[in-house]
Novice: 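Before I ask anything, let me first share the structure, which is written out below as structure tokens.
Throughout, residue positions are numbered sequentially from 1 according to the sequence presented. Please read these numbers as outputs of a predicted model, since none were measured by experiment.
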Amino acid sequence: MGLMAPVKDGKIVETESQKSLAKAVKSTNDSMDKEAFLQLLVAQMQYQDPLEPTSNTEYISQYAQFSQVEQMQNLAATSELARATSLVGQEVYVKTTGTDGEPKYVYGKVDYVAFENNKAYVSIEESLYSLDDLVNVVDVVYKNAFDKGYEFSIDLNKLPAVGGIDLSHAEAIDDLEKRYNEMTDYEKSFIATETRTKLNKYIERLKEIRAIADETEKNEAEDGEEGSDSGTEETEGAEKA
């Protein structure tokens with residue numbers, strides 16, 4: 001049998017079967033795998049009109065499209081595996097679903113990658129998560145700086161208003177001042193300007209409270225010494241009398 005294909009105006013006309021397969025190829029990335037594509041081709045051959053059978057040209061074209069579909073899938077799988085492999089050792093966030101059905105986020109380091117059924121999975125603390133569920137890849141330095149800034153702001157907000165502090169809050173304020181001074185410039189960049197201003201107000205107010213407390217203690221000590229001297233003079237006067 002020779003190769004045959006319908007021709008109109010000097011051009012090969014695309015038959016309905018070719019149009020159907022072309023449409024299938026176009027949607028392959030979204031919903032069709034090569035097994036479904038092959039089933040479609042077999043069904044087309046099985047239910048073709050015996051009086052107008054599909055030409056050899058159409059079959060060759062369809063097989064070529066089938067090969068193209070398979071190559072596209074292999075390329076996609078290779079690309080996905082390469083992407084997953086590049087994440088090994090990285091810190092990532094993965095979105096998953098908890099036992100209560102609510103979405104939750106898992107954070108951790110990718111230990112290794114698994115590849116099953118043309119799907120890539122990343123391992124975080126011995127649990128596998130689909131690469132499709134990956135949300136963010138996080139730089140460790142950034143994550144640590146962000147966490148420091150967040151925890152610092154939380155602890156600062158636990159203090160009462162600046163006007164309401166006393167010496168009982170001195171230890172907490174001293175700790176916050178020390179933590180801030182030990183931060184790198186990059187870590188300090190995660191502290192909001194208003195937070196730094198608030199910290200300075202606490203530090204200044206604590207200095208005033210300590211100065212008042214020192215002055216009060218000094219005055220009480222001097223009063224005690226004067227009282228002691230006065231008592232001594234009275235005792236000496238009584239002895240002379």
Novice: Would you say Val137 and Tyr112 are hydrophobically clustered, going by side-chain heavy atoms of ILVMFWY under 4.5 Å?
Specialist: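 Val137 and Tyr112: separate clusters.
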Novice: Might you work through the side-chain contact (heavy atoms from CB on, under 4.5 Å) test for Lys109 and Val140, ending with a clear yes or no?
Specialist: CA-CA 10 Å; Lys109 185 176 74 173; Val140 178; over 6 Å; no
Novice: Can you list everything that forms a side chain to side chain contact (heavy atoms under 4.5 Å, CB included) with Asp175? Sequence neighbours excluded, please.
Specialist: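 Testing Asp175 for side chain to side chain contact (heavy atoms under 4.5 Å, CB included), a comparison that skips the adjacent residues, returns Arg179.
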Novice: Give the minimum heavy-atom separation between Pro103 and Lys95, together with the two atoms involved.
Specialist: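 For Pro103 versus Lys95, the nearest heavy atoms are CB-CE, 3.8 Å.
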Novice: Taking atom NZ of Lys178 and atom CG of Asp174, what is their separation to the nearest 0.5 Å?
Specialist: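 Between Lys178 NZ and Asp174 CG, I get 10.0 Å after rounding to 0.5 Å.
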Novice: Counting only heavy atoms not in Asp185 (residues, nucleotides, ligands), do more than 12 fall under 6.0 Å from its CG?
Specialist: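 Atom CG in Asp185 is not packed in, count stays at 12 or less.
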Novice: According to ring pair (Phe, Tyr, Trp, His ring centres under 6.0 Å), does anything in residues 84-107 pair up with another residue at least two apart or in another chain? List the pairs.
Specialist: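 Residue pairs passing ring pair (Phe, Tyr, Trp, His ring centres under 6.0 Å), neighbours aside: Tyr93-Tyr107.
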Novice: On a heavy-atom basis, which atom in Gly164 and which in Pro160 lie closest, and how many Å separate them?
Specialist: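 So the two residues come closest at O-CG, 4.1 Å.
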Novice: Compare every heavy atom of Ala145 with every heavy atom of Tyr186, then report the nearest pair and how far apart it is.
Specialist: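 Looks like CE2-CB, 3.8 Å.
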Novice: Nearest 0.5 Å, what's the CD-CZ distance between Glu187 and Phe146?
Specialist: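 The CD atom of Glu187 sits 13.5 Å away from the CZ atom of Phe146.
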Novice: Using a strict threshold of under 4.0 Å (side-chain N to carboxylate O), is an ion pair present between Glu215 and Lys218?
Specialist: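 The answer is no: the pair does not qualify as a salt bridge.
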Novice: May I ask you to say whether Glu204 pairs ionically with Lys201, meaning some side-chain N is under 4.0 Å from a carboxylate O?
Specialist: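 Salt bridge: no.
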Novice: Between Asp147 and Lys143, is there a side-chain N and carboxylate O pair less than 4.0 Å apart?
Specialist: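 Counted as a salt bridge, because a side-chain N and a carboxylate O are separated by less than 4.0 Å.
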Novice: When rounded to the nearest 0.5 angstrom, what distance separates CG in Asn144 from CZ in Phe190?
Specialist: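 Between atom CG of Asn144 and atom CZ of Phe190 there are 10.0 Å.
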Novice: Looking at every non-hydrogen atom in both residues, tell me the closest pair between Val138 and Tyr142 and how far apart they are.
Specialist: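 Looks like CG1-CD2, 4.2 Å.
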Novice: Residues two or more places apart in sequence or in another chain: which of them pass side chain to side chain contact (heavy atoms under 4.5 Å, CB included) with Thr193?
Specialist: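 Counting only residues at least two positions away or on another chain, Thr193 forms a side chain to side chain contact (heavy atoms under 4.5 Å, CB included) with Arg196, Thr197.
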Novice: Is Ile173 isolated, or which residues cluster with it under the ILVMFWY side-chain rule of less than 4.5 Å, directly or via members?
Specialist: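 Phe152, Leu156, Leu159, Val162, Ile165, Leu167, Leu176, Tyr180, Met183, Ile191, Leu199, Tyr202, Ile203, Leu206, Ile209, all in the cluster of Ile173.
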Novice: Take atom CD of Glu208 as the centre, draw a 6.0 Å sphere, and report whether it contains more than 12 heavy atoms from other residues, nucleotides or ligands.
Specialist: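 Counting other residues, nucleotides and ligands, CD of Glu208 exceeds 12 neighbours.
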Novice: Output all residues satisfying side chain to side chain contact (heavy atoms under 4.5 Å, CB included) with Lys158, sequence neighbours left out; order by chain, then residue number.
Specialist: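 Listed in chain order: Ile154, Asp155.
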Novice: Assigning hydrophobic clusters by single linkage (Ile, Leu, Val, Met, Phe, Trp, Tyr; side-chain heavy-atom cutoff under 4.5 Å), is Val106 placed with Val92?
Specialist: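 Yes: a chain of side-chain contacts under 4.5 Å links Val106 to Val92.
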Novice: List the atom pairs, with distances to 0.1 Å, where a side-chain N or O of residues 123-136 and a protein N or O form a donor-acceptor pair under 3.5 Å, not counting sequence neighbours.
Specialist:
residue : atom : partner : partner atom : Å
Ser130  : OG   : Asp132  : N            : 3.1
Asp132  : OD2  : Lys119  : NZ           : 2.4

